[in-house]
Amino acid sequence: MTVSTLESTPVQQQKRVKPNLQAWYRPTVSPEQGILLILFGSVVTGSALAQHWTSSTTLALICTFFALQAEYPLILQIKQRRSWKPRFLVWSGIYGIIALSISGHSLSICCRLV
């Protein structure tokens with residue numbers, strides 16, 4: 001070993017240890033747009049047949065969007081079996097909580113109307 005390799009080794013180790021904190025702030029969004037197009041098409045078709053667009057229709061569309069987004073980080077975590085990525089579970093939980101809260105709100109509105 002030469003002096004240059006001994007001096008460069010700690011510098012290379014410091015670069016590897018440095019965590020990337022921006023990875024936690026980036027939301028995990030599904031790149032698959034086909035499902036979203038089918039979702040939007042079915043909602044527009046249903047509202048056209050009913051000839052009425054209400055706030056419940058908008059809430060259902062948003063809730064379904066977040067439910068589909070909650071599935072994608074879990075799929076990524078399952079595909080990466082060897083490496084544990086808590087970021088995927090955090091974003092899946094955030095999307096899931098949003099979807100559940102919107103569906104609970106919509107359900108409470110429907111129960112009041114009946």
Side-chain angles (χ1 to χ4, degrees):
M1 291 185 133
T2 63
V3 175
S4 63
T5 52
L6 289 175
E7 291 176 2
S8 65
T9 304
V11 173
Q12 291 173 352
Q13 288 177 353
Q14 287 177 356
K15 289 181 182 177
R16 289 182 202 152
V17 175
K18 189 176 182 182
N20 185 8
L21 295 177
Q22 287 184 341
W24 284 95
Y25 299 117
R26 286 183 306 183
T28 307
V29 179
S30 176
E32 301 162 0
Q33 305 299 326
I35 293 174
L36 298 176
L37 288 174
I38 291 171
L39 167 68
F40 185 70
S42 64
V43 169
V44 168
T45 303
S47 65
L49 290 173
Q51 297 179 352
H52 202 271
W53 187 282
T54 63
S55 62
S56 296
T57 310
T58 305
L59 285 176
L61 180 65
I62 294 170
C63 178
T64 310
F65 170 75
F66 279 113
L68 289 172
Q69 290 301 320
E71 178 188 21
Y72 180 69
L74 293 177
I75 291 172
L76 286 178
Q77 181 61 52
I78 290 170
K79 286 181 181 178
Q80 296 181 359
R81 294 179 187 162
R82 293 188 179 133
S83 62
W84 177 253
K85 302 280 185 187
R87 175 174 72 99
F88 294 145
L89 299 177
V90 167
W91 279 106
S92 181
I94 289 171
Y95 290 141
I97 288 171
I98 291 171
L100 285 174
S101 64
I102 291 173
S103 66
H105 177 70
S106 297
L107 185 63
S108 69
I109 290 173
C110 290
C111 290
R112 275 188 261 152
L113 294 176
V114 173

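As a basis for the values below, the full set of heavy atoms in this structure was taken, side chains included, without hydrogen atoms, waters or symmetry mates. In this chain, residues are counted from 1 in sequence order.
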L59 and I102 have their tightest heavy-atom pair at O-CG2, 3.5 Å
Do I75 and W91 sit in the same hydrophobic cluster, where Ile, Leu, Val, Met, Phe, Trp and Tyr count as joined when their side-chain heavy atoms come under 4.5 Å apart?
no
Less than 3.5 Å apart, which donor and acceptor atoms pair up between the side chains of residues 64-71 and the rest of the protein, not counting sequence neighbours?
from, atom 1, to, atom 2, distance (Å)
T64, OG1, A60, O, 2.7
Q69, OE1, S30, N, 2.9

Other than L74, which residues form its hydrophobic cluster under the rule that side-chain heavy atoms must be closer than 4.5 Å?
W84, L89
C63 side, atom SG; L100 side, atom CG - distance, nearest 0.5 Å:
7.5 Å
With sequence neighbours left out, the residues meeting side chain to side chain contact (heavy atoms under 4.5 Å, CB included) with S83 are Q80, K85
Applied to residues 92-104, the side chain to side chain donor-acceptor pair (under 3.5 Å) test, sequence neighbours excluded, yields none
Going by the rule side chain to side chain donor-acceptor pair (under 3.5 Å), which residues pair with T58 if we only count those two or more places apart in sequence or in a different chain?
W53
Restricting to side chain to side chain donor-acceptor pair (under 3.5 Å), what partner residues turn up for T54, sequence neighbours left out?
T57
